[in-house]
Every structure is written in structure tokens, then in C-alpha cells.
Amino acid sequence: MPSVGHRAIDLLSAGHSIGKVQSQLRMEKNSAFDVSGFVRTLVDLGFVAAVDEQPLRSGPLLKPTLPWLRPSHVKWTLHPLTGGAIAALVLAAILILIANPALLPRYSDLVWSRHGTVVILGNALMGWTIVLMHELGHLSTSRAAGVPGRMSFGTRLQFLVAQTDVTGVWASPRRTRLTVYLAGLAVNLAIAALGVLFQASMGHRGIASHLAAAIVTIAILGIPVQFLVFMRTDIYYVMQDLSGTRDLYGDAISYLRHHLDRMSRLWRAPSSVAGIEMLPRRERRVVRVYSGVLLVGTIACLVFALTITLPAIVVIADRSLHAIKSSKDAFRVADATVTLMMGLGIATLWLRAWWRRHGHRARKILRRARAPRHGEGGESNGADRYSEA
């Protein structure tokens, strides 16, 4: 939003009338800003709670996560000393690993028990706890910046993810924005560093040390995923911010659809594509480069899912069902049951998160499929076909 828009909101929030704001902006900014049209847009977007103390009808407001958490409680998360302390902690862990390479994370650290069910449940508990702390890092830093923040489940291609909506942080200074975006990674690094220090103090012996090694490995494994920037990960938002683009992912999607339309001619390009050519030259160049990363990364990810992940899931489910049906070993049956229940639970969460985000499009496609075709008792409206593009 341009600075004149920010100033208009400040003046309106202070109780000034639209006419007063119009004249004030003309005097301050020498701008004929259409305050009335701006307010109508804000109302249409659902950003206005009331006009002249009369509440406006709108959809239900989404409640922030942990509403009792105040900016004053977590103000320290944005302090430079906090970042310095985490950096010192990570440096100390790196020095310990250099001096004692036996503490370096390895895949065998994830198998800390001879009982498969115990390992699966334990790793799942540790993994989701670290994910929760990762998201709390985003939530705390955004709340410190005065942004409510809301945690939920979401989907990124075939992945089920936890996510924190920190949309309002876009109005904060760049340093604050980057701190919020990188807070989750900082939490992962801090957890891993503390685990290494704990292992060093325990001498890499005992179940507590083995669990610490598993925590370190799980925390480290959560970091590379954030560099898959063809999805909207933490590093994607950092990259978008540093590149100066407004909606890198959305513009790249429109750009790819535009070229797909030119090749196939099966449908008309979305009207938003025209806006790409109106972007500044530097931003257009960034969008073009990123669209290639988005296309290659998405295809590679889906191919991996279809050729490796999905077959592995089918094999595990088949073996679990076979064990439940034919095995007389109670422990093996219990192990197979737990495996199936965990798989079904994750699949259910993924489907719910996907439907919450994309269900309206699926319903529209189903309505179109059931609608009478052109020449079969109904009229065809081409505009409706592409309104969701």
C-alpha cells in the first residue's frame, strides 16, 4: 500500500470524516486521493468493522491463537540480544561437534529403541512438538510486532504442514518482517544446539542422551524443507521480501498459466496475467526466474510423491493389514494397528486442510459438471468458466 493509503487509514481511525481526510491528504501529500473509493474497497474486503459506530455485516472474525499472549510478554523476541544469544548457542554447538564428531547427527539416531511402535510414536511426538515450537517462534515474534497471528494446519502440494498467518507483519519494518519469517528456523537451530550441549554433558550415554540425539536430528531435518522455495516456506517469504516483489508466488502462477494458454489455447488467460506486464521491469525479471523454479520444483516434488512416497505408503498399509489379519503375535498386531491409525490420522488432517483451502473451487467444478451443457436446455456462460482461474 502506498504511504498515502497508510496516512488515510490513520486519519480515518482517528475519527476524521472522509471529506476531512480528503482535504488533509491534499494539503499534506498534494494528492487527489480518492478516499471515498478507498473506504468502499476496504469495506468490500471486510477490513472495516464499523462506520459511524454502526457495525457492518461481515463473515465471522478468525480468532488469533493464544489471544492472552500480549506484545509486552514477547517483546524480547524482537530484541537484537535474543538473536545474538541464539547465534552464540549455535556457535558453541558447532565447536563441540568439531571437537567431538561422534555427536554429529545421523539417521541411526532416529532408531533409539528396539521396539518399532515406540520409535514411531516417540519420533512423531518429538517431531510435532518441534513443529509447534517452530510455529510459536513465528507467532511470538509477530505478536511482539503487534500482529495477532493465527496457527493452523495447511497443505503444500502433498505435504501436511503447520502454518502461522502473520499477514499483518507486511506493514512492519523490514528488519521486523525478516525476524518473524526466520524465527521458526531460529527455534529449530536453538533446539538442535541445546540437544548437542546436553549430549556433550551426558557423554553420549543412556536413554536421555539417545533421545537428545533424536531431537537434534529431527530439528535439523526440519531446516532443509524451508529451502524448498517453490512452495511458500519461510525462506520463500524471505526471498520475496528481499527481492522487493509483492506476490511472487501468485504472479509466477499467473505467468505460467499465461504461457500454458498460449501453447494449448484450451482456455483464455486469466485477466490478472495482464497485470504482470505492468510490473516494474526488475520485478518482472524476478517473477520469470522464479516461475521456472516453481515449475521444476513442483513437477519434481509430485514425481517423487507418485514414484516413491505413494508406493511406500501402499506397501506399509498392505503389510499392516496383512499383519492384523493373519498374525497371532499380539505385539505385531498392535504395531500394525498403530501404524495404520497414524497414517489415517495424517491423511484425514491433510484432506481437511486441503478442503478448507480449495473446497470452494472443487464445489464450483462439480456444479459446472452437473450444469446442462450448451444446447442441452441451458445457456453457456464462458465468463463463469474462468472466474476461478
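Sequence positions, counted from 1, serve as the residue numbers for this chain. All values below come from the heavy atoms of this structure, side chains included, with hydrogens, waters and symmetry mates left out.
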Taking ring-ring contact (aromatic ring centres under 6.0 Å, His included) as the cut-off, I'd like each qualifying pair that reaches into [range], sequence neighbours left out, listed once.
range: residues 168-199; value: Tyr181-Tyr237
range: residues 65-93; value: none
range: residues 124-154; value: Trp128-Phe153, His134-His138

- Item | salt bridge (Lys or Arg N to Asp or Glu O under 4.0 Å): pairs with one or both residues in residues 142-160, sequence neighbours excluded |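 Of all non-adjacent pairs touching residues 142-160, none passes salt bridge (Lys or Arg N to Asp or Glu O under 4.0 Å).
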
- Message: According to salt bridge (Lys or Arg N to Asp or Glu O under 4.0 Å), does anything in residues 163-184 pair up with another residue at least two apart or in another chain? List the pairs.
- Response: Arg174-Asp241, Arg177-Asp241

Rounded to the nearest 0.5 Å, how far does [atom2] of [Y] lie from [atom1] of [X]?
X: His210; Y: Gln199; atom1: NE2; atom2: CD; value: 9.5 Å
X: Arg7; Y: Gln24; atom1: CZ; atom2: CD; value: 6.0 Å
X: Ser13; Y: Leu11; atom1: OG; atom2: CG; value: 8.5 Å

- Message: Let me check something: do Met126 and Leu194 share a hydrophobic cluster, defined by ILVMFWY side-chain heavy atoms less than 4.5 Å apart, either directly or through other members?
- Response: no

Around [X], counting heavy atoms of other residues, nucleotides and ligands shown, do more than 12 lie under 6.0 Å from its [atom1]?
X: Met151; atom1: CE; answer: yes
X: Arg363; atom1: CZ; answer: yes
X: Met341; atom1: CE; answer: no

- CA sep, side-chain torsions, deciding dist, call: Leu89, Leu197, side chain to side chain contact (heavy atoms under 4.5 Å, CB included): CA-CA 9 Å; Leu89 190 65; Leu197 295 177; 3.5 Å; yes

Given side chains that start at C-beta, do those of [X] and [Y] come closer than 4.5 Å, heavy atoms only?
X: Leu185; Y: Ile235; result: yes
X: Val180; Y: Val147; result: no
X: Leu139; Y: Val74; result: no

- Item | side chain to side chain contact (heavy atoms under 4.5 Å, CB included) assessment of Trp112 paired with Asn123 | CA-CA 9 Å; Trp112 42 270; Asn123 286 348; 2.8 Å; yes

- Take Leu12 and Val48 through the side chain to side chain contact (heavy atoms under 4.5 Å, CB included) test and state the conclusion after the steps. CA-CA 11 Å; Leu12 289 165; Val48 178; over 6 Å; no

- Enumerate the residue pairs fulfilling side-chain hydrogen bond (donor to acceptor under 3.5 Å, both in side chains) with a member in residues 333-347, sequence neighbours excluded, ordered by first and then second residue. Thr117-Asp335

- Message: If you apply the rule side chain to side chain contact (heavy atoms under 4.5 Å, CB included), what do you find for Met231 with Tyr236, and how did you get there?
- Response: CA-CA 7 Å; Met231 298 182 288; Tyr236 160 80; over 6 Å; no

